[in-house]
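Notes for the one structure printed next.
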2 protein chains.
Amino acid sequence: MISESVDDYLKAILELGGAHDERVTTNALAERLGVRTPSVTGMLQKLAAQKPLLVLYEKHRGVQLTAAGKRRAWELVRHHRLLELFLHDVLKYSWDEVHDEAERLEHFISERFEDRVSAILGDPEFDPHGHAIPRKDQSGVFRDEATLAEWPLHKPAIISSVSDRNAASLRELERLGLMPGAALIVEQRKSSGALAVRLDGGPEVIRVNKDLAFRVLVGNRQR
Amino acid sequence: MISESVDDYLKAILELGGAHDERVTTNALAERLGVRTPSVTGMLQKLAAQKPLLVLYEKHRGVQLTAAGKRRAWELVRHHRLLELFLHDVLKYSWDEVHDEAERLEHFISERFEDRVSAILGDPEFDPHGHAIPRKDQSGVFRDEATLAEWPLHKPAIISSVSDRNAASLRELERLGLMPGAALIVEQRKSSGALAVRLDGGPEVIRVNKDLAFRVLVGNRQR
DNA sequence: GTTAGGATTTAGCTATGCCTAAATTAGTTA
DNA sequence: TAACTAATTTAGGCATAGCTAAATCCTAAC
């Protein structure tokens with residue numbers, strides 16, 4: 001009943017819905033999923049019609065996840081992050097290689113696989129990118145962070161996580177030392193949107209372009 | 001271009017074709033794959049028409065794999081057996097739990113995943129059921145064995161592998177001690193097809209039903 | 001050599017999930 | 001309030017991979 005494609009819709013609705021599960025538009029979904037809007041409408045209509053009700057959909061008013069839909073979506077996020085950590089720590093994948101493989105496999109691993117992987121990793125809390133790994137039976141959301149792009153100047157920040165969507169960006173972030181746990185201060189915001197950032201209170205100031213800055217989530221608590 | 005479904009057809013053709021890649025019939029494929037014969041005909045026609053030619057198909061005369069088709073099929077077998085060993089040895093799955101998970105995942109793991117798993121397992125030669133794990137760039141076939149059901153009476157045999165298709169049978173085989181490496185002699189062949197088998201030259205004679213005996217492959221060389 | 005019967009293929013249908021083009025709706029903007 | 005525009009939905013197609021029912025082929029037995 002739940003295809004790979006449905007999985008992708010559920011994950012996208014979860015991620016686009018933000019901390020408060022706001023309604024997600026057809027357009028936003030189409031863009032995120034790389035399909036055309038009529039395909040989204042069609043899929044939402046089908047999802048909203050079928051038995052284990054996963055989404056609430058009203059035409060022209062967007063879509064939200066039901067409790068069941070949210071459960072499946074968080075399950076996928078858990079699978080993804082556990083797989084990333086497993087690929088990195090056990091199979092020795094590099095930081096930027098884990099995303100694609102995890103994205104493919106997250107749909108197909110069983111409960112047992114998930115449990116055993118979690119066990120051999122010591123029931124970890126964070127994936128290699130710093131994202132919290134949600135636990136079963138709670139939503140485990142971490143959304144009280146900001147992107148580096150919008151962090152105030154001169155306020156100390158700790159990188160809590162980075163987006164895992166793009167291998168080239170990840171390599172660049174790693175090269176710059178912008179990895180989870182790193183402490184930094186934003187010294188200056190250029191007109192282009194690029195940032196001048198001082199790492200670990202040291203003397204060096206590095207330039208972080210706008211696109212990259214949006215991939216870095218910061219807080220001010222060490223983990 | 002290669003769907004999960006195509007994968008299943010290729011594997012089935014490989015397995016049903018035997019040691020000499022004999023032509024496989026539409027009927028045999030339909031039965032093995034659990035689909036109706038017209039579905040098989042349709043798929044074979046499509047496969048035989050498309051660009052990376054995977055099968056040779058003549059209507060009413062069955063189907064065979066091309067070199068490319070064989071390469072993909074053996075790759076799947078390698079994936080399957082590596083995954084089984086990995087699930088058993090690393091994730092601590094029991095003997096009878098590995099098949100289904102491996103069957104699902106074998107389609108989706110990457111070259112890199114395959115290589116890394118093989119590496120952490122020490123580039124193993126056999127899976128937990130005793131089947132040889134084929135290596136890249138060679139066909140690595142092991143087909144000089146016989147089923148226990150057809151082994152001569154009183155001739156010493158070593159179990160080389162067991163079929164991994166059925167969890168209940170696997171548990172029964174394990175309970176009886178019929179696992180890869182076990183030495184035995186067939187004492188008697190009942191009219192029902194059941195066997196009376198003496199394990200390790202000991203005094204105990206166990207009864208092995210016909211169905212089970214067909215799942216056990218034996219040779220007379222210790223591995 | 002004919003023919004019966006099983007094996008196989010053809011014909012035509014279903015569902016999924018995507019597409020383009022055209023219609024419609026909703027929400028601003030004059 | 002009327003109209004414009006952008007977002008969204010409807011309508012109609014395509015490919016995949018399955019299905020049933022009906023036609024056809026091949027072979028083996030007479």
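Here is the naming used below: chain letters follow the sequence lines, and residue numbers restart at 1 for every chain. Just so it is clear, the values below take in all heavy atoms, side chains as well, and ignore hydrogens, waters and symmetry mates. Worth saying up front: this structure is predicted, and the values here are computed from it rather than measured.
Here the P atom of nucleotide C/dT25 and the CD atom of A/E58 are 16 Å apart, to the nearest Å. Per the geometry, NE2 belonging to A/H60 stands 12 Å off C1' belonging to C/dG27, to the nearest Å. As rounded to whole Å, 15 Å separates atom C1' of D/dT8 from atom CZ of A/R23. Nucleotide C/dA15 holds its P atom 16 Å from the CD atom of A/Q45, rounded to whole Å. For A/L44 and D/dT8, the CG to C1' distance is 11 Å, given to the nearest whole Å. Note: CG (A/L29) to C1' (D/dT9) measures 15 Å, nearest angstrom. Between the NZ atom of A/K51 and the P atom of C/dA15 there is a distance of 16 Å, rounded to whole Å. The distance from atom CZ of A/R61 to atom C1' of C/dT24 is 17 Å, rounded to the nearest whole Å.
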Under 3.5 Å, which protein N or O atoms sit close to an N or O of nucleotides 12-18 of chain D? Give each pair with its distance.
residue, atom, partner, partner atom, Å
D/dA17, OP1, B/S3, OG, 2.6
D/dA17, OP2, B/K46, NZ, 2.1
D/dG18, OP1, B/S5, OG, 3.1
D/dG18, OP2, B/Y9, OH, 3.3

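With hydrogens and angles left out, the side-chain atoms of B/E101 and B/Y93 include a donor and acceptor closer than 3.5 Å. Defined by atom type and a distance below 3.5 Å, a donor-acceptor pair is present between the side-chain atoms of A/H79 and A/E75. With 3.5 Å as the limit, one finds a donor-acceptor pair spanning the side chains of B/S94 and B/D96. For A/H99 and A/H80, the side-chain atoms include at least one donor-acceptor pair closer than 3.5 Å.
At the phosphate of C/dT9, OP1 or OP2 sits under 4.0 Å from a side-chain N or O atom of B/T26. A sub-4.0 Å separation between OP1 or OP2 of D/dT8 and a side-chain N or O of A/N27 is present. Phosphate proximity of C/dT10 to B/K59: present, with a side-chain N or O under 4.0 Å from OP1 or OP2.
When the nucleotides D/dT9, C/dT10, D/dC25 are ranked by their closest atom to the side chain of B/P38, C/dT10 comes out on top.
A/R61 is linked by a side-chain hydrogen bond (donor to acceptor under 3.5 Å, both in side chains) to nothing, counting only residues two or more places apart in sequence or in another chain.
Within 6.0 Å of the CD atom in B/E31, the count of heavy atoms belonging to other residues, nucleotides or ligands does not exceed 12. Within a 6.0 Å sphere centred on NZ of A/K210, heavy atoms belonging to other residues, nucleotides or ligands number 12 at most.
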